[in-house]
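In what follows, a single structure is set out as structure tokens and then discussed.
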Amino acid sequence: MTAIEIQKLQALNAEPTSAMEQPSVILDALKSADIDQALVVEVLENCGPPTAAKLDEIATFLANDSNDQAYWAATLLSRCDSLPPELQKQLLSIAANTQRDAAVRQRVVLALQRPNNIDATIASELKKIDTSGDVRLERLVAQVAA
Amino acid sequence: MKRITYWPFAIPLLTALLGYVGCENAQQVLERVPIGDFVSNHSGQAPSDGQGFPALPPNGPTNGPTNGPVGGPVGGPVSYAPQGNNANERIRVASFNIQAFGPSKMGDQWVMQRLAAVIQNFDLVAIQEIRSKDQSILDVLLRYVNQNGLRYNYLLGERLGRTVSKEQYAYIYNTATISTEASTSYTVRDDEDLLHRPPLVARFVARTSGRVRPFTFTLANVHTDPDEVAAEVAVLGRVYQAIASYEANVAGEDDVIMMGDFNADAQKLAAVATQREYTPTIVSWATNVAGNKQYDNILINPYYCREFTGNCGVLDLAKYFGLTQEETKRLSDHLPVWCEFFTAEDVQRTASNPADSAVRR
């Protein structure tokens with residue numbers, strides 16, 4: 001991450017709500033060794049829900065090898081009242097993937113809790129995912145299905 | 001404190017929620033290490049009443065409602081002056097979310113001096129949001145706190161979190177007025193994974209000058225996940241009850257105080273205390289710098305915790321330091337909340353001791 005990008009991040013921290021205009025900057029910063037990660041997490045916690053126009057950009061981080069980036073991408077999506085059907089499918093796919101990090105899977109399921117337009121088929125498929133050994137994931141799935 | 005002879009509650013919850021994991025990070029008191037004079041770098045001397053109590057704004061926070069909290073003394077606004085003959089008769093316990101307390105703040109002398117000044121106002125401060133891989137961060141903070149000969153110490157919890165980004169709780173306390181032992185501290189075992197950051201619990205004893213039984217109490221430090229507030233706040237009553245049951249059984253302690261950043265206001269916190277496990281003390285004041293939200297609180301059970309004097313409040317950092325809102329946010333976006341307690345157990349009730357009637361649901 002360049003000095004300019006770090007300055008940009010610090011500016012976004014001063015006004016977190018504008019951070020969602022450039023979510024990639026924030027999510028990329030999670031992999032930067034040059035910047036205080038406490039600052040990055042602070043921005044992500046305070047920036048609020050993303051706009052519909054930024055959902056695809058955020059979704060690209062879900063498939064990322066970085067669990068932190070996937071976790072926070074899912075967290076941002078969990079603040080949305082509505083998600084496109086294709087994105088719901090992508091979230092379901094990650095939730096069902098037992099190879100993924102448990103915290104990421106849990107956040108992905110959380111992202112499927114809030115929207116008021118969750119497809120009935122998605123909800124039904126979610127009920128079938130393997131949650132063995134993960135009481136929190138099991139609880140979150142049950143809440144979506146309900 | 002009321003003696004408990006039998007505690008019938010929540011034994012199943014105790015086994016489900018609570019463990020006893022010794023905190024191994026208790027630190028020794030640091031020797032005095034001056035790092036500059038706070039006052040000389042400040043526009044004016046930090047206000048103090050000279051008796052060890054916070055010299056807070058006489059009318060409460062400027063950015064909150066002008067009326068005092070329900071938890072304040074009966075018949076008037078919150079008093080910020082000691083009411084006894086000896087300042088040591090009371091202690092003030094605070095909770096402060098030092099937003100993203102990590103390397104950036106640790107390296108900022110302006111910030112560290114003011115954080116130290118905040119801590120010096122209280123006998124004990126529960127800290128949330130320590131986000132630093134460098135585990136010397138509290139040693140550094142204590143060098144600022146103790147630079148004028150004070151002897152504060154701390155208990156530091158384990159690093160908690162579901163991602164690489166971890167967070168820690170801590171208690172910073174004045175060894176002249178409070179004592180504790182690291183062996184009494186633990187992180188609540190959360191087998192159901194209900195909380196992102198399970199509370200850090202520790203037992204403390206107030207030092208008293210006279211031949212009285214000292215006030216003993218247990219603190220539980222909490223920071224809920226802002227993205228899962230509803231789910232986490234919903235179980236706080238259970239968590240409080242589990243801790244209270246454990247503390248009663250193991251230590252005979254009934255004064256359990258839960259404090260921290262709940263990301264929820266007093267109304268929401270009270271609503272989930274279905275068995276009246278606790279009562280929020282900070283009722284009507286905003287606890288963020290912007291002055292429009294109430295996130296932080298101190299929860300007590302007034303039936304047992306009779307040492308609560310009824311005095312409590314929010315420290316308005318902008319007014320205290322003479323800062324703008326933007327400057328204040330360099331310290332934190334939260335304000336410290338505090339409560340006052342008598343240092344003696346079984347304190348005699350008088351008309352001037354409003355603790356019985358001060359806290360209402």
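The figures that follow rest on heavy atoms only: side chains count, while hydrogens, waters and symmetry mates do not. Residue numbers start from 1 in every chain, and the chains themselves are labelled A, B, ... in the order their sequence lines are given, proteins ahead of strands. Keep in mind that this is a model prediction, so the values were computed, not measured.
- For S82(A), the side chain to side chain donor-acceptor pair (under 3.5 Å) partners are N117(A), not counting sequence neighbours.
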Please tabulate, one pair per line, the donor and acceptor atoms of chain B and chain A that lie under 3.5 Å from each other, or say none if there are none.
unit_1: D36(A); atom_1: OD2; unit_2: S104(B); atom_2: N; d: 3.1
unit_1: D36(A); atom_1: OD2; unit_2: S104(B); atom_2: OG; d: 2.7
unit_1: E42(A); atom_1: OE1; unit_2: R131(B); atom_2: NH1; d: 3.0
unit_1: E42(A); atom_1: OE2; unit_2: Q99(B); atom_2: NE2; d: 3.0
unit_1: E45(A); atom_1: OE1; unit_2: R131(B); atom_2: NH2; d: 3.2
unit_1: E45(A); atom_1: OE2; unit_2: R131(B); atom_2: NH2; d: 2.8
unit_1: D68(A); atom_1: OD1; unit_2: V164(B); atom_2: N; d: 3.0
unit_1: R79(A); atom_1: NE; unit_2: D227(B); atom_2: OD1; d: 2.7
unit_1: R79(A); atom_1: NH2; unit_2: D227(B); atom_2: OD1; d: 3.4
unit_1: R79(A); atom_1: NH2; unit_2: D227(B); atom_2: OD2; d: 2.9
unit_1: R107(A); atom_1: NH2; unit_2: D225(B); atom_2: OD2; d: 2.5
unit_1: R107(A); atom_1: NH2; unit_2: E228(B); atom_2: OE2; d: 2.8
unit_1: R136(A); atom_1: NH1; unit_2: E228(B); atom_2: OE1; d: 3.1
unit_1: R136(A); atom_1: NH2; unit_2: E228(B); atom_2: OE1; d: 3.2
unit_1: R136(A); atom_1: NH2; unit_2: E228(B); atom_2: OE2; d: 2.6
unit_1: R139(A); atom_1: NH1; unit_2: E192(B); atom_2: O; d: 2.9
unit_1: R139(A); atom_1: NH2; unit_2: E192(B); atom_2: O; d: 3.3
unit_1: R139(A); atom_1: NH2; unit_2: D193(B); atom_2: O; d: 2.9

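- Heavy atoms only, all atoms of each residue included: A38(A) and A100(B) are closest at O-CB, 3.7 Å.
- For P103(B), the parts lying near chain A are the backbone and the side chain together; criterion is any non-hydrogen pair under 4.5 Å.
- With a threshold of 4.5 angstrom between heavy atoms, L110(A) approaches chain B through side-chain atoms but not through N, CA, C or O.
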